[in-house]
Amino acid sequence: MEGSNGMENLQAAATTSDLNTETEAAVNDSWCEIESDPGVFTQLIRDFGCVGAQVEEIWSLEASIFHYLEPIHGLIFLFKWMHDEQPDGRVESNFDENIYFAKQVVENSCATQAILSLLLNLKHPDIELGETLTRFKDLTIRLDPLSRGYCLGNDRKIRTAHNSFARPTFVVNESQEEEIEDATYHFVSYMPIGERLYELDGLRLGPTELAVIAPGQNWLDIARPIIEARMHSYSTDEIHFNLMALVSDRQRFYERQIEQLQRDSLQLAQPQREAEMNELLHRLRVEKEKNRQYSVENARRRHNYVPFIVELLQQMGEIGELTPILEEAKLNAHEANESSEKVEVEDEFY
């Protein structure tokens, strides 16, 4: 969960004595909240050492949006967590050994846990887990879900990559902090494993089986109505949802398509070949520009601007420019408050 105000104490479920030190370490080493952004999640995957995968944001549940991004290997859904929310399917406590499932035992780790739930269950030629995730999976494959959760909480490389997106804090508005704490958001994953569609939520006892996938059926056609129904189950004023897809690296995907088109060029008429090539080159340029923008945005996210801001305010104070700005800000705030009160009075009168 992100911003949890009293997450369920899953550590209490541990009964194995050799997990005591791991429990203490997992609790003491905090994990930061992660922004639900495709650029952040894509960079996290790369920082884990995984190659060939990226994350794309889904703006609509229309089938055409999903079709454009295929192959889609899994979905990551962010929603407002409710303590008494019932699962959409059957939660399995004794599940197939081919399903990698870990419990969430560390607060704020659900973003990374949602990513790993997909990657560690994925078998696709486009994607290579890399040394860090391969080592972690080999180390924990024979452990129970709770022990896997502790191992994840204590993995320094994974935790360091996750916490590299921690936001520097300087001044905290107590009223804003209380408002944020009241809203607890959580990431879960959806993906096909074998012939079934599963929801992987680290706060459950096990994976949730949602449906059987018929031969030749696209699992996304099953997942989309489930997610849509879940959104509709909330109040009409709740709009804080986010849906992202784990897909193959789009830049590499288009580069392979260009290579294939070049090999098959003699089989196509020249106008068709040129049209397809121009379209692929355009999409490739878009992906390169998007990756460049991700790099810029992530560098800004990771940079600590607090020392600069403090020094700037000190310099402005020394040369006498800070006080007039503060007075003007107070005056603007007072005028805005009076205008708001006037509107409220007029609304009440009418």
Side-chain angles (χ1 to χ4, degrees), residues 38 41-42 45 50-77 79 87-92 94-101 114-129 137 187-201 204 206-233 241-261 263-264 267-268 272 275-276 279-280 283 287:
F41 276 52
T42 296
I45 290 173
C50 180
V51 177
Q54 71 181 61
V55 173
E56 290 287 331
E57 190 160 17
I58 302 292
W59 296 95
S60 169
L61 290 175
E62 294 293 331
S64 59
I65 302 298
F66 291 79
H67 178 71
Y68 176 78
L69 294 173
E70 289 187 359
I72 295 179
H73 309 298
L75 300 173
I76 299 174
F77 182 52
F79 61 98
D88 293 322
R90 178 171 58 88
V91 179
E92 300 183 356
N94 296 318
F95 47 89
D96 193 303
E97 61 181 9
N98 293 323
I99 302 176
Y100 189 97
F101 178 82
I115 295 173
L116 296 187
S117 292
L118 298 178
L119 292 176
L120 298 183
N121 280 296
L122 188 59
K123 296 177 182 179
H124 195 277
D126 288 351
I127 298 173
E128 302 172 11
L129 286 181
K137 185 175 182 179
F187 290 98
V188 298
S189 302
Y190 295 87
M191 75 178 304
I193 303 177
E195 298 177 349
R196 288 172 169 77
L197 173 64
Y198 288 95
E199 175 191 313
L200 303 173
D201 180 355
R204 302 287 186 192
T208 303
E209 181 184 325
L210 300 176
V212 176
I213 305 173
Q217 187 177 22
N218 190 331
W219 70 274
L220 293 168
D221 292 335
I222 306 174
R224 287 187 294 106
I226 293 175
I227 295 174
E228 185 175 16
R230 189 166 190 172
M231 291 179 176
H232 290 164
S233 67
F241 300 104
N242 187 247
L243 182 63
M244 294 180 287
L246 178 71
V247 301
S248 296
D249 188 306
R250 304 298 289 175
Q251 182 172 325
R252 295 175 66 182
F253 177 75
Y254 291 132
E255 288 172 344
R256 287 197 301 268
Q257 284 194 324
I258 290 173
E259 293 174 359
Q260 183 65 38
L261 182 60
R263 287 193 296 267
D264 300 339
Q267 302 176 13
L268 300 174
Q272 180 183 359
E276 291 185 11
E279 177 65 20
L280 289 173
R283 294 186 180 186
E287 287 301 317

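What's counted below: heavy atoms across the whole structure, side chains too, no hydrogens, waters or symmetry copies.
When side chains are defined from C-beta on, Cys50 counts as touching Leu119, because their heavy atoms get closer than 4.5 Å. A 4.5 Å side-chain heavy-atom check between Val51 and Arg252 finds at least one atom pair inside the cut-off. With contacts defined as side-chain heavy-atom distances shorter than 4.5 Å, the pair Glu199/Pro207 does not qualify. Here the side chains of Ile58 and Asn242 are not in contact, with every heavy-atom distance at 4.5 Å or above. Residues Asp126 and Arg256 are in side-chain contact: their nearest non-hydrogen atoms beyond the backbone lie under 4.5 Å apart. For the pair Glu255/Phe253, no side-chain contact is recorded, criterion being any heavy-atom separation below 4.5 Å from C-beta on. With contacts defined as side-chain heavy-atom distances shorter than 4.5 Å, the pair Glu70/Leu220 qualifies. A 4.5 Å side-chain heavy-atom check between Met191 and His73 finds every atom pair outside the cut-off.
Using cut-offs of 30° and 60° on the angle between ring planes, the pair Phe101 and Phe95 is perpendicular.
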Begin with the C-alpha distance, continue with both residues' side-chain angles, and end with the deciding distance and a verdict on side-chain contact (heavy atoms from CB on, under 4.5 Å) for Trp219 and Ile72. CA-CA 10 Å; Trp219 70 274; Ile72 295 179; 4.1 Å; yes

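Between Gln54 and Glu56, the side chains place a donor N or O and an acceptor N or O closer than 3.5 Å (distance only, hydrogens not considered). Asp221 and Gln217 are not linked by any side-chain donor-acceptor pair at a separation below 3.5 angstrom, with hydrogens and angles left out of the test.
Within the model, atoms CD1 of Ile258 and CD of Glu276 stand 11.5 Å from one another, a figure rounded to the nearest 0.5 Å.
Of all heavy-atom pairs between Gly89 and Leu210, the closest is N-CD2, 3.9 Å.
Heavy atoms of other residues, nucleotides or ligands lying less than 6.0 angstrom from CD of Glu62 number 12 at most.
Using a 4.0 Å cut-off between charged nitrogen and carboxylate oxygen, Arg283 and Glu279 count as a salt-bridge pair.
Under the 6.0 Å distance and 45° angle rule, Arg230 does not count as a cation-pi partner of Phe77.
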